[in-house]
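A short worksheet on the structure shown next.
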Amino acid sequence: MGDLYLNVLPLSVATGEDTVVGRVWERDDELDDELRERPERGQAFHHYSFYQQTFMWAARGGSIPYDCVDRGAEAKLGGLPAAVVAFAARQAAVEALVWKGFEAYGGSLRQPARLSRRKVNLAIGAVKNLPAGVGAYAAIAVHGFALHGDIAKPGPVALVVDQWVEHVLDVSLVQLAASGIDLVGARVRWRHAPGCGCDRAATVGDAGRFLDGDPAGDVNIRDRGGEQATVPAGCLAVHANGMMMARYLAGLNGRGERDISEALHQATAKFAKTGKRWENLEQTAKRFGDLTLFPGATATLQQPLLVPPAPKPSEGGPVALPSLPDANLNFQYGAPKLAENAARGLGKHGPYDEGQSRSDVLKAVIVAPQDFEAEAKKLRRILTQGLQRFVGLKDRYRLRDFDADIQLFPDPTRGGYQNAVSTAAKSGVDIVFFVTKHEFRYARRGENPYLAAKAVLAAAGIASQAITVETLNQPDNSLQWSSDSVGLAAYTKVGNIPYVLHDPAGGRELVLGVARADIYDYAKGARRQRFGASVAVRQDGDFLFAGSTTPVDEDEDYETHLSNRLAEQIERFSSEQSGEPDRAVVYLFKRTGKRELAAIKRAIGKRDIKFALLHINRDSPLWLVERDGKRVSAPPRGTTVALSERDRLLVTGDPGKPSGSHPLRLTLDYNSTYDDMDRLVAQAYGFTKTTYRGFLQSNEPSPILFARLLVQKVEQLIPYGFSPATAAGPLGDNPWFT
């Protein structure tokens, strides 16, 4: 095994600790709000509020406002919290890159700042004769990072430098709407024309989300703070993605969206390779030169951080912990039968719930348009008779009986699918399989036949599994693997348990995954609403139940609904598992805050239940590589790095894939009353094997993956008449959303 490195560039500060760099005063929320609104903020001065103090210093070429020059006391470099220095380092890096021709956009105090120079258009390799303003470019993000655990104390800092592919559609909103791109809810950014005279002409970066209005005139947007504004559409551009680009380009040159989408993916994939990214990182680090953190205080960037090995976390910076071993899975209740590999364990031992109460006589129906009759018959033959290594549902899961009928319909549209699956749902079946096409994913909002069918079946409380004709037309050597995965998902969606995580020391534990989504109520003028979703599993990953809140308009309502949902799940656990849990572990999609803490405390009430609030971050800008001489590669699964006692990086991705070097970041809230971080991280790693979407290990632990899939699926189904409250209804005990 080689050495581990992080994409973290430590700063060497060349200035004495007694250097006066700005002002500091006791935090005043009213003054903070006023300073944030000043147009010269970020250009003439920087201000950062941390805990009970506010710090201010002059920006490059600027000065502190006259009314703040004598406010508070002098701030000396050596007395600044690491969090403040880290933020200053990020701002200094942004300023340095802007001076070198990069364009800065997006980012917040806690999020990376994003920059792009748009020099080499990667999309040229996929689409010839690209129109002006359209492309895919290498972009970078910079973020301040405190190398020691306690960011409230002075300490060394570094820059995190990340890279990704930026899709650009610098074309008018009118053109995008004409090409069939649904703008409602799209993220937009400022794109003022030269000489623009609008009242926001000096504003750059993220503008918020498109609500409604005339793309040829004025439109309504909602900014990150939740405020609504009416602005000229000509001053906006979308934050594009690959699917948007494919749709826009397809409307111009007649090529299919799928063809363009795949070509764009191929053209940009090489940029994501681990070795190429590391080479780019080393080149980028040389661009910065000396950074002016504060007036009179400079720093230089050192080489990427080598992560030393250590037997346990320390306060001396990131350390590599012993790699986690692969978790064992259990295939029998009571007297465990174990295997590391899910597919082989299932073949050897049979499903976990065999001999228990389960659905072992299954009746299915396969719904398909008449044009897909051959594929529907092929699917029935595979499910009932098997294909190569997949022996069919009955034998694979040791069912007493399984059968599937075929129902064909003439109209492969949204309405046709809805009518067909509605009829199937009334025929007394346990699960509906329906055959779709890959191109349905490119349908406009409200016209996707797959989502329309899914909404009908979810509302009816019938498990469903879609499969595309493209999948069914694969060669048998590939199709056998897809068929096995389809069978696994189907077996689980009807409420059965194929295997669980072997966790003999787990105790009585309820694990909750929590996610949230912003939605848009089109019937009420595209007003933003929020809803939350949560799922519950046992400490061994056995799926228990799921639910979602109804849409709410205020964060306080969201907190109340979330608390109620968590309390219901604790009550159900206590009832169905014959007693209260000893502890509740909550996986959260975001940084833990006051609302989530208040919700879990209210849900627990006076019960003697310990809790852990664990932020599972799959979008952290941190990534790890392993270097052995000149070879740079992604580290193996299970690689673990401690950033501090309560903050870990965990590699869960496939080292052979471009994303393999991107670890999960697991951060435990300081208010948690259960804090065995070693067990929490090992448990999360084990849960990557219990997602039931396929036999391959996933990148995310099942509780947070389930919560995210639930919230995404409900959000997708809302335009098809599905209510979030329905997700907590008849299908709440099954992972129908996977």
Side-chain angles (χ1 to χ4, degrees), residues 313 324 327-328 330 333 336 497 500-515 532-547 559 562-617 640 642 644-648 650 664-690 700-707:
L324 293 176
N328 274 321
N330 180 16
Y333 178 77
I497 309 167
V500 297
L501 177 65
H502 181 54
D503 187 20
R508 296 181 54 79
E509 191 171 75
L510 174 64
V511 185
L512 305 163
V514 176
S534 59
V535 300
V537 302
R538 279 192 332 220
Q539 74 282 349
D540 58 5
D542 182 355
F543 183 86
L544 298 177
F545 25 78
E559 176 187 316
L562 177 60
S563 176
N564 292 340
R565 181 63 61 202
L566 297 180
E568 289 172 9
Q569 294 182 334
I570 291 173
E571 289 285 354
R572 287 192 62 176
F573 182 98
S574 301
S575 174
E576 297 177 11
Q577 305 293 319
S578 303
E580 292 180 353
D582 296 327
R583 55 182 174 263
V585 178
V586 185
Y587 288 6
L588 290 156
F589 69 103
K590 61 182 284 292
R591 285 174 63 108
T592 51
K594 295 179 180 179
R595 294 185 177 91
E596 286 76 18
L597 177 61
I600 187 62
K601 284 186 173 181
R602 187 181 300 126
I604 290 175
K606 296 182 179 180
R607 300 179 180 92
D608 184 20
I609 301 174
K610 291 185 177 182
F611 69 88
L613 296 178
L614 194 64
H615 177 205
I616 310 290
N617 186 359
T640 308
S644 70
E645 290 283 357
R646 294 173 178 249
D647 201 356
R648 304 284 174 88
L650 173 63
L664 292 178
R665 185 173 182 178
L666 292 77
T667 307
L668 183 65
D669 188 278
Y670 279 93
N671 295 289
S672 300
T673 57
Y674 178 73
D675 60 1
D676 186 346
M677 198 63 180
D678 290 337
R679 170 175 159 71
L680 289 170
V681 174
Q683 182 184 55
Y685 185 55
F687 281 155
T688 60
K689 287 190 169 185
T690 60
E700 295 175 85
S702 53
I704 196 66
L705 174 64
F706 286 162

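Atoms considered below: every heavy atom in the structure, side chains included; atoms not considered: hydrogens, waters and symmetry mates.
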Are any side-chain N or O atoms of R508 and backbone N or O atoms of G579, one a donor and one an acceptor, separated by less than 3.5 Å? yes
Do the side chain of S563 and the main chain of A599 share a donor and acceptor less than 3.5 angstrom apart? yes
Closest non-hydrogen atoms of A612 and S672, given as atom of the first, atom of the second and distance, are CA-OG, 3.6 Å
To the nearest 0.5 Å, atom OG of S574 lies from atom CD1 of I609 at 6.0 Å
At their closest point, which heavy atom of P701 faces which heavy atom of L664, and how far apart are they? CD-CD1, 3.6 Å
For a side-chain contact (heavy atoms from CB on, under 4.5 Å) check, start with the C-alpha distance between D678 and R648, then their side-chain angles and the critical distance, and finish with the verdict. CA-CA 9 Å; D678 290 337; R648 304 284 174 88; 3.2 Å; yes
Looking only at heavy atoms, which two atoms of V535 and P703 are closest? And how far apart? CG2-O, 3.3 Å
Check whether any side-chain heavy atom of L597 lies under 4.5 Å from a side-chain heavy atom of T592, and answer yes or no. no
Would a 4.5 Å heavy-atom cut-off, applied to side chains only, mark N671 and L613 as touching? no
Looking at side-chain heavy atoms only, is the closest gap between E568 and F545 below 4.5 Å? no
Would you say the side chain of L588 lies within less than 4.5 Å of the side chain of D669, judging by non-hydrogen atoms? no
R679 vs D503, side-chain contact (heavy atoms from CB on, under 4.5 Å): CA-CA, chis, key distance, verdict: CA-CA 11 Å; R679 170 175 159 71; D503 187 20; 3.2 Å; yes
Between CG on residue L501 and CD on residue Q683, distance to nearest 0.5 Å: 7.5 Å
What are the two closest heavy atoms between Q577 and R538, and how far apart are they? OE1-CD, 3.5 Å
Hey, what do you get for CZ (F611) to CD1 (I570), rounding to the nearest 0.5 Å? 10.5 Å
Does some side-chain heavy atom of M677 sit less than 4.5 Å from a side-chain heavy atom of E645? no
Value rounded to 0.5 Å, distance of CZ in F706 from OH in Y587: 12.0 Å
Rounded to the nearest 0.5 Å, what separates atom CZ in R602 from atom CG in L562? 9.5 Å
Counting distance only, does the side-chain N/O of T667 pair as donor-acceptor with the main-chain N or O of D647 below 3.5 Å? no
Mind running salt bridge (Lys or Arg N to Asp or Glu O under 4.0 Å) on E559 and K594 for me, showing each step along the way? CA-CA 9 Å; E559 176 187 316; K594 295 179 180 179; over 6 Å; no
So CZ of F573 and CG of L512: to nearest 0.5 Å the spacing works out to 10.0 Å
Nearest heavy-atom approach of Q569 to S534 is NE2-OG, 3.3 Å
Does the Q539 side chain pair with the main chain of G507, one donor and one acceptor, at a distance under 3.5 Å? yes
Kindly indicate, with the supporting measurements, whether the criterion side-chain contact (heavy atoms from CB on, under 4.5 Å) is fulfilled by V511 and F687. CA-CA 11 Å; V511 185; F687 281 155; 4.0 Å; yes
Show the nearest heavy-atom pair for residues D540 and V500, with the distance to one decimal. O-CB, 3.5 Å
Let's go through V537 and T690 carefully: what are the C-alpha distance in whole Å and the side-chain angles of both, what is the deciding distance for side-chain contact (heavy atoms from CB on, under 4.5 Å) to 0.1 Å, and is it a yes or a no? CA-CA 10 Å; V537 302; T690 60; over 6 Å; no
Do the charged groups of D675 and K610 touch, with an N to O distance under 4.0 Å? no
